Every structure is written in structure tokens, then in C-alpha cells.
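A short worksheet on the structure shown next.
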Amino acid sequence: KVSMKVKTKFLSKAIVMAYKVSKKLQVFFQEKSICIFASNGNCYVNIIVPSEGNSDNQSFVIEEVKNFSDCLKTLKETFVELYVDKNVLKFNSFSIPIVNESYQDYKEFQAQKGLSNTVSVKAFSSLIDQTTYSATNDKTKEALLSCELFTYDDSFDLVATDGYRLTKTSVDNENTAWSMTSAYVFAEYLNILKKFLSDSVDKEFVMSDVKDGIRFTINVKYAKVEMFIPYEKVNYPNYSPIIQESKNVSVISKIDRKLALSALIKLKGVLTSSDMAMLTVEKDAIIFGDENSEKFLEKIKTETRLFDKKVEICFNVKYLIDLFENSESDRITMSFEDFNRPARFEGINSFSVLMPMVKDRNRW
């Protein structure tokens, strides 16, 4: 009988995170650790959980992962002892069917080596937080599901767009040892990476440039995590003209981010037939209102600036809320040209370009 003793909460957390990548998990009983490997072809995660027991390097596949996770959550014991009995994984009073097979791609994952960077957990987490919300969730738009990642000698850039909004964030990183022009990585996997980073016990993690992808190594509270995200060969949009056009502005206002966010959340609560939020930009204030300015009006003072005209411009209120929620800046600089032109919203180290909605075609 092969058995391994592991902390229940550590194993439970590892299973939950691995399940985000694949509904089928490869498990390895190794000396002083249980390895949980998950792969879906676009993302690979190996979670190495410390344990003890009489392992003989046995491996097996669990296909009923949700059932396994649900059983673990019911346990009140600090430790759980797992052992394999023929084609069953047993622990406490539970039995989970297993398959005695192995993943070929696990061996490929293990063999990958490359140049490595020491990366700030805080900086890279900020990069993900402030950018990936602009990536689309529409599975039919593969090119827009991904983000474009640039690495330089001392910084990172990340760009995401869903075709209606575009966000670019830049963060400094002093310890970058290698750089690349760009790589396209799926936003959903960056967000899984962010969850691992939020549990990091170190201020830094290791990011390696390996064959056809990026490998991340993180020491988290419950395990050592190795995650591989391949470069995706997608036709990413050329966003340079959009950024360049957004610089041609005639109206600039600075607004308190929290006040603006509060107004937008209230506005969203009164909208019924449309997600359209109207911004009336005055000399020293911005008025947030609904499409007809009948149900909601909230005026927020801005830094006084001289400009040549007043602007009425409409945006999707959900996009505005996303923008103000995910920025880390206290004040946002908003730049407008006209009612039918893209607007630019800038924080300390990121900016977004947002396409307007047409309020009333007959009016213009």
C-alpha cells in the first residue's frame, strides 16, 4: 500500500487551482511531495505540495476532480492520508476512481529550460490587474482573447483589447535579465497566474523564457507552483494607430477616481433600457448622466482647464466602471476630442482608449 500524508487545506487549495486549468489531473506521489499536474494544451500547471509517506513514485490520473475537491472540503482533520488501492484513491471514508496512465506532456513540461528573470510579484500582479479586464470573453474572437506582453531590460508592457476598448499598462522591473519583442498570451491564464501570485510567500518569483512559451515558478503558501503559458500564434490587432489617434485631444480633465467610480455605480443602478452613460465635460466639472439626463445627474468637480469647447460624449457604463475600478491611480486624466472620437483615460502607469457610443444619430 502506497500512502502519502499531506495537510488537508494545502491539498484542497492545490486541487481547486489545478481544476481551473483542466478537468482531468495527473497526480504523482514522490519523495516528500505530491505533484498535481494539469494541462489543457494552452496552459500547464504543476503544483508541488509538501507531504510525507512511503512513496514509490507512483502516478495516476483523476478524472472526477470536482468530486475529489468536494470530498476534501468536508474534512475537518488537519492532515489527510491518501493511499492507492488498485484503481481507487482512498482517504478517510472516501474512494475516488483513478486511471493508471500518465501524461506525455508532463515529461515535456519538466524538460523545458531557458533564460530566467527574477520578477517583482507586486509589479507583475499590478500589470495583470490593470490590463486583462479589457480582453474579450467572446470565444469566437481568438485574437482578442489574448494579451500582448512585451519585456524589456527594465520593464514590462501588457496590452489588451476587445475591439471597443484598449488598455496598456507598463511597470518597472529592475532584475530583468532577458527581453523579447512581444508574446501573445491568453488573458484567462494570466488571471490564474495572478491568483498564484496573490498567495506568494516571496516578494519575487522566477519567469523563464523557454521554448515557445513562458514558465513561471512561484513559492506559494501551500506549494511550489510551476506554470507554463505558451506563446499563441494569433493575429493580434495593430493598436498603434488607435493610441496615436487618442493623443489628438482638445479637452483634458482630471477627476478623482473614487468619486467618479461611485457616480458610475449609482448611474448603472438607474439605467434600464441601455448601458449608455453620458458625460458632459465642462470647464471645471464633469456631469455623469443617463442617455436623456432625466433619471440621474451627478456633477463632480475637476481640475480647471482651458479648452475650446464643451463636449457631450457617451460610453458603455460597464466599461467605464471597469476602467475606474482597475486603475491604481487616485486621479484619472481624461482626454476628449469629440462625441464620435475615442477618448483616452490615463493613470500613473496605464492608460485606456475607449470607443464612444452614439447617443442619437438624428441629433448630430
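Bear in mind that the values here come from a model prediction, so they are computed numbers and not experimental data. By convention here, the first residue in the shown sequence is residue 1.
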Find out whether the Lys NZ or Arg CZ of Lys90 is both under 6.0 angstrom from the six-membered ring centre of Tyr83 and within 45° of the ring's axis.
-> no
Taking only Lys NZ, Arg NE, NH1 and NH2, and the carboxylate oxygens of Asp or Glu, determine whether Lys13 and Asp199 approach each other closer than 4.0 Å.
-> yes
Lys23 atom NZ, over 12 foreign heavy atoms within 6.0 Å | yes
Could you go step by step and tell me if Lys73 and Leu75 meet the side chain to side chain contact (heavy atoms under 4.5 Å, CB included) rule?
-> CA-CA 6 Å; Lys73 290 176 183 177; Leu75 299 181; over 6 Å; no
Would you say Phe216 and Leu193 make side-chain contact, with heavy atoms under 4.5 Å?
-> yes
If you take all heavy atoms of Val49 and Phe10, which pair is closest and at what distance?
-> CG1-CB, 3.8 Å
Validation row, ring centre Tyr19 to ring centre Phe68 under 6.0 Å | no
With side chains defined as the heavy atoms from C-beta onward, is the minimum distance between Ile15 and Leu72 less than 4.5 Å?
-> yes
Report yes if the side chains of Thr302 and Lys254 come closer than 4.5 Å at any heavy-atom pair, otherwise no.
-> no
Test item: side-chain donor near acceptor, Ser200 and Asp202, under 3.5 Å | no
Under 3.5 Å, is there a donor-acceptor pair between the Asn40 and Tyr189 side chains?
-> yes
Can you tell me how far CZ of Arg344 sits from OG1 of Thr333, rounded to the nearest 0.5 angstrom?
-> 10.0 Å
Between Phe150 and Phe156, does the ring centre distance come in under 6.0 Å?
-> no
With the threshold set at 4.0 Å, does a side-chain nitrogen-carboxylate oxygen contact exist between Glu52 and Lys32?
-> no
Using the six-membered ring wherever Trp is involved, compare the ring planes of Phe29 and Phe60 and label them parallel, tilted or perpendicular (cut-offs 30° and 60°).
-> perpendicular
Assess the side chains of Glu81 and Ser3: does a donor N or O sit below 3.5 Å from an acceptor N or O?
-> yes
So, Phe315 versus Phe345, ring centres under 6.0 angstrom or not?
-> yes
When you look at CZ of Phe94, are more than 12 heavy atoms from neighbouring residues, nucleotides or ligands closer to it than 6.0 Å?
-> yes
How far does CD1 of Ile348 sit from OG1 of Thr169, to the nearest 0.5 angstrom?
-> 12.0 Å
Asn87 and Asn100: side-chain donor and acceptor closer than 3.5 Å?
-> yes
Of the non-hydrogen atoms in Leu197 and Val121, which two are nearest, and what is the gap between them?
-> O-CG1, 3.6 Å
Provide the closest heavy-atom pair for Asp162 versus Ala135 in the form atom of the first, atom of the second, distance.
-> CB-C, 4.2 Å
Rounded distance [0.5 Å steps], SG in Cys147 versus OH in Tyr184 | 12.0 Å
Is there side-chain contact between Asp284 and Lys301, with heavy atoms separated by less than 4.5 Å?
-> yes
If we ignore angles and hydrogens, is there a donor and acceptor under 3.5 Å between the side chains of Asp172 and Ser155?
-> no
Report yes or no: is the cationic atom of Arg341 (NZ for Lys, CZ for Arg) closer than 6.0 Å to the six-membered ring centre of Phe336, at no more than 45° off its axis?
-> no
Lys318 with Asp275: basic N within carboxylate O range, under 4.0 Å = yes
Contacts satisfying salt bridge (Lys or Arg N to Asp or Glu O under 4.0 Å) that involve residues 57-68 (not counting sequence neighbours) are Lys66-Asp70
What pair of heavy atoms forms the shortest contact from Ala277 to Leu267, and how long is it?
-> CB-CD2, 3.4 Å
Side chain Arg165, main chain Leu354, donor-acceptor under 3.5 Å = no
